[in-house]
Q: 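Got a structure here, written out as C-alpha cells. Questions coming.
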Amino acid sequence: MHTTKFQDICYKTLQISVPSGRVISYKNLAILTGNPKASRAVGNAMNKNPFAPDVPCHRVVKSDGSIGGFASSIEKKIQLLREEGIEIDGDRKIKNFEKLLISP
DNA sequence: CTATTGACGACAT
DNA sequence: CATGTCGCCAATA
C-alpha cells in the first residue's frame, strides 16, 4: 500500500498518542504532527487509512466534541467508540469530551 | 502547473 | 442552537 510522508506521520502519531478509551481532535492531531493548520488534511489522511483498525482512526473526532466522519458508516465509528467505553449522546456529542481529549 | 475535493475549524448570522 | 462563509492543507485529477 502506498502512503505519503504526511499520512505516515499522522498514522504513527495517532497510534502512539491515543490509547483506547481516549479521543483526539483532527486539530490536535495536526498540531502533534507539526502541521497546526492541517486539520482538514488530517481528516483526508484518516479517510484513506490503509492500516485500519491497527491505526485507531475512529478515535479522531471534531474539536467541538461531535463525532466527525468515517470512511464506512458513522454508526460504525460510534459503535467502536462505545466498545471502548466512550459515551455518546443522542445528538452524537461525546460525553466528558474535555476529559477524554488528548491535548498537545 | 492549476483546479477541485473533503472524516476540519473559527466566527458570523 | 443551526447554517453559512471563509481560510487552510495535502492529495488527486
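Note on naming: letters A, B, ... go to the chains in the order of the sequence lines (proteins, then strands), and numbering restarts at 1 for each one.
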Q: Cut-off 3.5 Å, side chains only: do A:H58 and A:E84 have a donor facing an acceptor?
A: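 Their side chains do contain a donor-acceptor pair, which is all the 3.5 Å distance test asks for.
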
Q: Could you report the tightest heavy-atom contact between A:I31 and A:P104, atom names first, then the distance?
A: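 Here A:I31 and A:P104 meet closest at CG2-CB, 3.8 Å.
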
Q: At the 4.0 Å heavy-atom cut-off to chain A, mark where contacts on DNA chain C begin and end, going 5' to 3'.
A: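 In short, chain A contacts DNA chain C from C:dG7 to C:dT12.
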
Q: Do the non-hydrogen side-chain atoms of A:C57 and A:F70 ever get within less than 4.5 Å of each other?
A: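 A:C57 vs A:F70: side chains touch.
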
Q: With a 4.5 Å limit on heavy-atom distance, are the side chains of A:Q7 and A:F51 in contact?
A: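 Contact flag for A:Q7/A:F51 side chains = no.
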
Q: Quick check against the 3.5 Å criterion: does A:R82 have a side-chain atom that pairs as donor or acceptor with the backbone of A:I88?
A: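 Yes; judged by distance alone, with no hydrogens or angles, the pair exists.
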
Q: Quick one: CD1 on A:I94 to CG on A:D64, what's the gap to the nearest 0.5 Å?
A: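 CG of A:D64 is found 9.5 Å from CD1 of A:I94.
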
Q: Let me confirm one number: the OG-CZ distance from A:S66 to A:R92, rounded to the nearest 0.5 Å.
A: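 So the OG of A:S66 and the CZ of A:R92 are separated by 6.0 Å.
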
Q: What string of B, S and - do you get for nucleotides 1-13 of chain B 5' to 3' if you count protein non-hydrogen atoms under 4.0 Å?
A: -----BBBSS---

